[in-house]
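Below is one structure, written out as structure tokens; the observations come after it.
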Amino acid sequence: PPSKKYQHTIFLPSTKFPSVVKNIEEYELQIQKEFEWDKHYDKHHSQKDRHEEFVLHDGPPYANGSLHIGHALNKILKDITVRQKMIDGFKVHYKPGWDCHGLPIELQATKLVQNAKAQKPASEMKTLPPLELRKVASWVKEQRNSFIQWGVLGDWSNAYLTAQPHYVGRQLRLFDRLKKRGLIFQAHMPVYYSPSSRTTLAEAELEYRDHVSRSLTFALRVADMSPQLQ
């Protein structure tokens, strides 16, 4: 009797592409190696017919943990821009980087000390200088490998770190230029402090509850004005 299975009544194209891939991570690495993903950026820069340049400045992520959906959104949008500019004929410069300072790095370093997950014993880590402790807490290598595996084009071999001496040196020289122009001044301002994190906080790191503070502003005549007020 004729088969009642519908698959025998439909003409489907045949393909060698596997419908189910075992060891997907190894298969991805094999594809990347075969198509030389890591060399696409260098090949682009070796093309001499590209004269007009396009520079994409990277707002660096914190080097404080594994990648998540926020990293994907950020880097994929940048990668779309880089590839589109390449298609348009530009010579694209995209130098990725990492922010190695700030509260996220400090929290990661604190976790390492508390959980003793690093190679060094916890007692030894507590005696490490701050700069050495941040190096232990850094996830730059892991994040770089993941970004490359995602296929994000960039000058990964020359990425910058905000903790590098030459980067810090340029910041200090720029600060000196601003000071000489009179743009740096000393005044009073609130400094926010987190008791739980034991560190100061930037204004952008604060979260406020919804609250309305009502105020009344009025003016009074000064009967006797001092020379300072005059």
Side-chain angles (χ1 to χ4, degrees), residues 37-38 41-42 55-79 81-82 92-179 183-184 189-207:
W37 282 18
D38 57 334
Y41 186 84
D42 295 334
V55 180
L56 178 60
H57 296 281
D58 189 25
Y62 285 112
N64 66 324
S66 301
L67 301 184
H68 51 70
I69 189 64
H71 294 98
L73 178 63
N74 180 286
K75 280 295 188 286
I76 291 174
L77 290 177
K78 290 176 180 177
D79 194 55
T81 303
V82 167
V92 180
H93 300 274
Y94 174 50
K95 185 175 183 178
W98 277 272
D99 190 343
C100 305
H101 299 95
L103 180 59
I105 303 297
E106 294 176 5
L107 292 177
Q108 180 66 21
T110 303
K111 290 179 181 178
L112 289 176
V113 173
Q114 292 176 345
N115 301 330
K117 291 183 178 179
Q119 296 179 357
K120 295 179 178 292
S123 59
E124 186 178 347
M125 288 188 63
K126 290 181 179 179
T127 62
L128 286 176
L131 291 178
E132 292 297 323
L133 187 57
R134 292 190 182 195
K135 290 180 181 179
V136 175
S138 175
W139 284 65
V140 171
K141 183 178 179 180
E142 292 80 359
Q143 289 191 5
R144 178 194 284 116
N145 292 338
S146 296
F147 284 138
I148 294 175
Q149 188 172 353
W150 287 1
V152 178
L153 298 181
D155 191 5
W156 295 106
S157 58
N158 295 308
Y160 72 93
L161 307 177
T162 59
Q164 290 173 333
H166 70 272
Y167 186 93
V168 177
R170 291 186 64 180
Q171 285 184 313
L172 293 175
R173 286 191 291 270
L174 178 59
F175 182 87
D176 183 61
R177 288 171 56 188
L178 295 174
K179 183 177 182 299
L183 300 176
I184 305 298
M189 64 174 293
V191 177
Y192 302 98
Y193 184 81
S194 171
S196 60
S197 302
R198 298 182 182 180
T199 184
T200 56
L201 299 173
E203 177 70 23
E205 294 173 324
L206 300 177
E207 295 184 3

Applying side-chain hydrogen bond (donor to acceptor under 3.5 Å, both in side chains) to K75 and not counting sequence neighbours gives none
If every non-hydrogen atom of [X] is compared with every non-hydrogen atom of [Y], which pair is closest and at what distance?
X	Y	answer
Q164	A159	NE2-O, 4.0 Å
G151	D79	O-OD2, 3.9 Å
G97	P61	O-CD, 3.2 Å

Distance check, rounded to the nearest 0.5 Å: [X] atom [atom1] versus [Y] atom [atom2]?
X	Y	atom1	atom2	value
I76	H71	CD1	NE2	12.5 Å
Y167	L172	OH	CG	11.5 Å
N145	W150	CG	CH2	12.5 Å
S157	K95	OG	NZ	9.5 Å
D99	D58	CG	CG	11.0 Å

Contacts satisfying salt bridge (Lys or Arg N to Asp or Glu O under 4.0 Å) that involve residues 155-176 (not counting sequence neighbours) are D176-K180
Testing the 3.5 Å rule here: is there a donor-acceptor pair between the side chains of N74 and K78?
yes
- Task: Look at the side chain of T162 and the backbone N and O of C100, then say whether any donor-acceptor pair between them is shorter than 3.5 Å.
- Result: yes
Check your understanding: Quick one: does Q143's side chain have a donor or acceptor within less than 3.5 Å of a partner on G65's backbone?
Key -> yes
TODO: Carefully, step by step, assess W98 and Y62 under the rule ring-ring contact (aromatic ring centres under 6.0 Å, His included).
DONE: CA-CA 6 Å; W98 277 272; Y62 285 112; over 10 Å; no
- Task: Let me see the working for Y94 and L153 under side-chain contact (heavy atoms from CB on, under 4.5 Å), right down to the final yes or no.
- Result: CA-CA 8 Å; Y94 174 50; L153 298 181; over 6 Å; no
| query | Under 4.5 Å between any side-chain heavy atoms of W139 and L67, yes or no? | reply | no
